[in-house]
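See below for the structure under consideration.
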Amino acid sequence: MNTQHAQEILFDRKLIASLPANGPRYTSYPTADRFHAGFTADDYIQAVQQRAASPLSLYIHIPFCNTICYYCGCNKIITKDTGRADQYLGYLKKEFALQAELLSGKPELAQLHFGGGTPTFLSDAQLDFVFDTIRRHFTLMPQGEYSIEIDPRKVSRESVLFLGSLGFNRMSVGIQDFDPQVQQAVNRIQSEEETRIVIDAAREAGFQSVSVDLIYGLPHQTPATMQQTLDKVLALGPDRLAVYHYAHLPHIFKPQRRIDTNAVPSSNTKLDMLQQIVQRLDSEGYVFIGMDHFAKPQDELALALRQGRLQRNFQGYSTHADCDLIAVGLSSIGKIGRIYSQNQRHLDDYYADLDAGRLPIFRGYSLNDDDLLRRRIIQDLMCRFGLDFARYEAECRQPFAQYFAAELADLAQLAAKGLVELNGSGLRVTPKGRFLIRNIAMVFDFHLRHRNTAAKYSQTV
């Protein structure tokens with residue numbers, strides 16, 4: 001193992017197998033399954049009108065995909081008709097106008113993210129239309145993070161250069177796996193060459209960071225095929241990697257019913273592959289950021305981790321301070337101060353609200369003081385891997401140990417297993433505990449502890 005990172009990364013298989021297997025990813029706290037229809041657009045409007053002037057984040061959801069990937073559980077619309085996107089973008093423009101009425105001037109954008117679906121389902125002209133709309137209502141900052149999710153199967157070198165000219169400077173490239181049998185089984189045929197063209201074009205266009213997504217646990221994957229995929233991926237030299245666990249839940253996600261359950265690797269084989277990935281990335285010099293994210297030592301995520309500036313939001317790990325998030329598009333989730341809001345999840349409902357001249361918000365959540373305190377603690381655990389109890393006592397209005405007596409009792413059990421080191425003034429997550437940070441954060445989740453939910457969470461490792 002790379003000695004430079006040996007103290008930061010320790011994969012304990014026995015420990016991983018001994019803990020609860022499922023839990024939230026904590027891109028928010030409380031988690032989205034706590035959102036409710038009692039929260040309305042009026043609550044959102046009040047929150048926006050009360051916010052102090054400061055740079056914003058903006059998320060835009062593009063729900064369309066040309067083809068269906070059988071493993072996918074995202075909110076998407078499968079179509080080859082790009083005309084449907086023209087109609088959708090017209091409604092996005094309406095939503096932008098409604099949001100702009102609530103904001104004074106042209107607020108600065110510290111972050112921008114296009115997610116999906118497949119954002120590159122849009123043509124260059126359609127992307128230009130969206131960017132023109134953005135620039136009409138917001139001011140792009142010179143040092144802002146402007147990212148887009150890329151499907152290399154649908155993007156040419158020229159299109160990537162065009163994305164760079166629009167203002168994008170970061171991209172996430174879907175790969176998942178390069179093995180032909182695995183690709184066939186999940187209906188995502190993607191060559192190494194077309195992926196390389198996109199990544200090389202991103203470098204040419206001056207993109208500051210290129211991330212790639214991999215999935216372990218897909219049908220027909222083995223440690224041997226994963227080794228070959230890793231060889232090919234690392235030859236591309238990505239700045240970041242996100243390595244996700246495939247959860248086979250065909251009773252929830254209909255596309256997964258097309259996957260042969262017998263071809264899905266066993267839990268033991270999945271752990272073999274994860275351990276293999278972790279050890280390989282460590283040996284190649286990548287820094288373990290947290291959960292399932294890795295980055296080169298000079299990447300801004302790794303720098304933010306070392307400097308204590310790392311953040312976590314709906315798009316995952318980030319380097320910017322915790323900005324208010326404006327979200328537009330189908331099913332998108334926003335965050336303003338102490339509220340979360342989510343847009344309509346069905347296209348007809350989304351269009352109907354905008355035709356009626358109202359924001360297409362169908363549910364959300366207003367955080368109480370306890371939620372805010374726990375959100376801060378969970379953020380510190382996920383991003384700084386430790387807690388200084390004194391930092392929270394003003395919000396507790398009593399000793400930390402008294403306010404969180406039940407939680408500290410549970411943490412003592414995790415300390416006995418070697419996940420954390422506890423003392424009277426704080427805790428530190430150990431190298432082996434960092435892989436199980438979701439399990440540690442779950443200790444502070446009041447809603448998970450006290451209220452039932454029908455939510456199906458992903459595996460923690």
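Just so you know, residue 1 is the first one in the sequence shown, and it goes up from there.
Between His137 and Phe96, the ring-plane angle classifies as parallel under the 30° and 60° cut-offs.
Heavy atoms of other residues, nucleotides or ligands lying less than 6.0 angstrom from CD of Gln227 number more than 12. More than 12 heavy atoms of other residues, nucleotides or ligands sit less than 6.0 Å from atom CD of Glu158. Within 6.0 Å of atom NZ in Lys254, 12 or fewer heavy atoms from other residues, nucleotides or ligands are found, so the atom counts as exposed in its surroundings.
Val198 is not listed as a side-chain neighbour of Val210, based on a closest heavy-atom distance of 4.5 Å or more. For the pair Met141/Leu109, no side-chain contact is recorded, criterion being any heavy-atom separation below 4.5 Å from C-beta on. Looking at heavy atoms from C-beta onward, Lys76 lies out of side-chain contact with Thr118 at the 4.5 angstrom threshold. In this structure the side chain of Ser366 reaches within 4.5 angstrom of the side chain of Phe39, judged on heavy atoms. Between Phe362 and Phe35 there is no side-chain heavy-atom pair separated by less than 4.5 Å. With contacts defined as side-chain heavy-atom distances shorter than 4.5 Å, the pair Phe446/Leu373 does not qualify. Using a 4.5 Å heavy-atom threshold, the side chains of Lys232 and Asp179 count as separate. Inter-residue side-chain proximity for Leu234 and Arg280 is flagged as met; some heavy-atom pair is nearer than 4.5 Å.
A donor-acceptor contact closer than 3.5 angstrom links the side chains of His447 and Asp371. Between Gln208 and Tyr146, the side chains place no donor N or O within less than 3.5 Å of an acceptor N or O (distance only, hydrogens not considered). No side-chain donor from either of Thr79 and Asp81 sits under 3.5 Å from a side-chain acceptor of the other. In the model, Gln176 has no side-chain atom that pairs as donor or acceptor with a side-chain atom of Tyr246 under 3.5 Å. Using modelled atom types and a 3.5 Å distance limit, the side chains of Asp324 and Ser54 yield no donor-acceptor pair. Using a 3.5 Å distance cut-off with no hydrogens or angles, the side chains of Glu145 and Thr319 do pair a donor with an acceptor. Side-chain contact check for Tyr26 and Asp445: at least one donor-acceptor pair (N or O, by modelled atom type) lies under 3.5 Å.
Closest heavy-atom contact between Gln276 and Pro223: NE2-O, 2.8 Å. Of all heavy-atom pairs spanning Pro219 and Ala185, the tightest one is CG-CB, 3.7 Å. Among all heavy-atom pairs drawn from Arg34 and Tyr365, the shortest one is O-CD1, 3.4 Å. Shortest non-hydrogen contact noted between Lys106 and Thr139 is O-OG1, 3.0 Å. For Asp177 against Leu218, the heavy-atom pair with the smallest separation is CB-CD1, 4.4 Å. Here the closest heavy-atom approach between residue Tyr351 and residue Arg84 is recorded as OH-O, 4.4 Å.
Atom CG of Leu166 is separated from atom CG of Asp124 by 8.0 Å, given to the nearest 0.5 angstrom. Going from atom OH of Tyr350 over to atom CG of Leu354 covers 5.0 Å, rounded to the nearest 0.5 Å. Separating the CG atom in Leu367 from the CZ atom in Arg375 is a distance of 5.0 Å, to the nearest 0.5 Å. Here the straight-line distance linking atom CG of Leu310 with atom OG of Ser318 works out to 8.0 Å at 0.5 Å rounding. Taking CD1 of Ile437 as the reference point, atom SG of Cys383 lies at 9.5 Å (rounded to 0.5 Å). Between atom OG1 of residue Thr229 and atom CD1 of residue Ile175 there is a gap of 9.0 Å, rounded to the nearest 0.5 Å.
The backbone N or O of Ile68 sits less than 3.5 Å from a side-chain atom of Asn187, completing a donor-acceptor pair. With hydrogens and angles disregarded, no donor-acceptor distance shorter than 3.5 Å links the side chain of Tyr44 to the backbone of Ile339. Using modelled atom types, one side-chain atom of Gln342 and one backbone atom of Ser331 make a donor-acceptor pair closer than 3.5 Å. With hydrogens and angles ignored, the 3.5 Å screen pairs no side-chain donor or acceptor of Lys270 with any backbone N or O of Tyr216. Between the His346 side chain and the Asp348 main chain, no donor and acceptor come within less than 3.5 Å of each other. Although no hydrogens or angles enter the test, the distance criterion places a donor-acceptor pair under 3.5 Å between the side chain of Gln183 and the main chain of Gln190. The backbone N or O of Ser191 lies less than 3.5 Å from a partner atom in the side chain of Thr195, making a donor-acceptor pair. Under the 3.5 Å distance criterion, the side-chain polar atoms of Arg240 are left unmatched by any main-chain donor or acceptor of Asp299. In this structure, Arg153 contributes its side chain and Arg188 its backbone to no donor-acceptor pair below 3.5 Å. Counting only distance, with no hydrogens or angles, the side chain of Glu95 and the backbone of Gly329 share a donor-acceptor pair below 3.5 Å.
Checked against the 6.0 Å centroid threshold, Tyr88 and Phe64 count as a close aromatic pair. Between Phe114 and Phe168, the gap from one ring centroid to the other is short of 6.0 Å. Between Tyr244 and Tyr71, the distance from one ring center to the other does not fall under 6.0 angstrom.
Checked against Ser147 for a side chain to side chain donor-acceptor pair (under 3.5 Å), the options Gln111, His113, Arg170 give a single hit: His113. Residue Phe294 is tested with Ile289, Asp239, Val243 for a side chain to side chain contact (heavy atoms under 4.5 Å, CB included); the sole match is Val243.
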* Going through the checks in order, is the side chain to side chain contact (heavy atoms under 4.5 Å, CB included) test met by Leu305 and Phe288? -> CA-CA 10 Å; Leu305 174 66; Phe288 177 50; over 6 Å; no
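Ion pair Asp355/Lys94 flagged as a salt bridge, since at least one NZ, NE, NH1 or NH2 atom sits closer than 4.0 Å to an Asp/Glu carboxylate oxygen. Ion pairing of Asp292 with Arg25 is present here, as a side-chain N (NZ or NE/NH1/NH2) and a carboxylate O approach within less than 4.0 Å.
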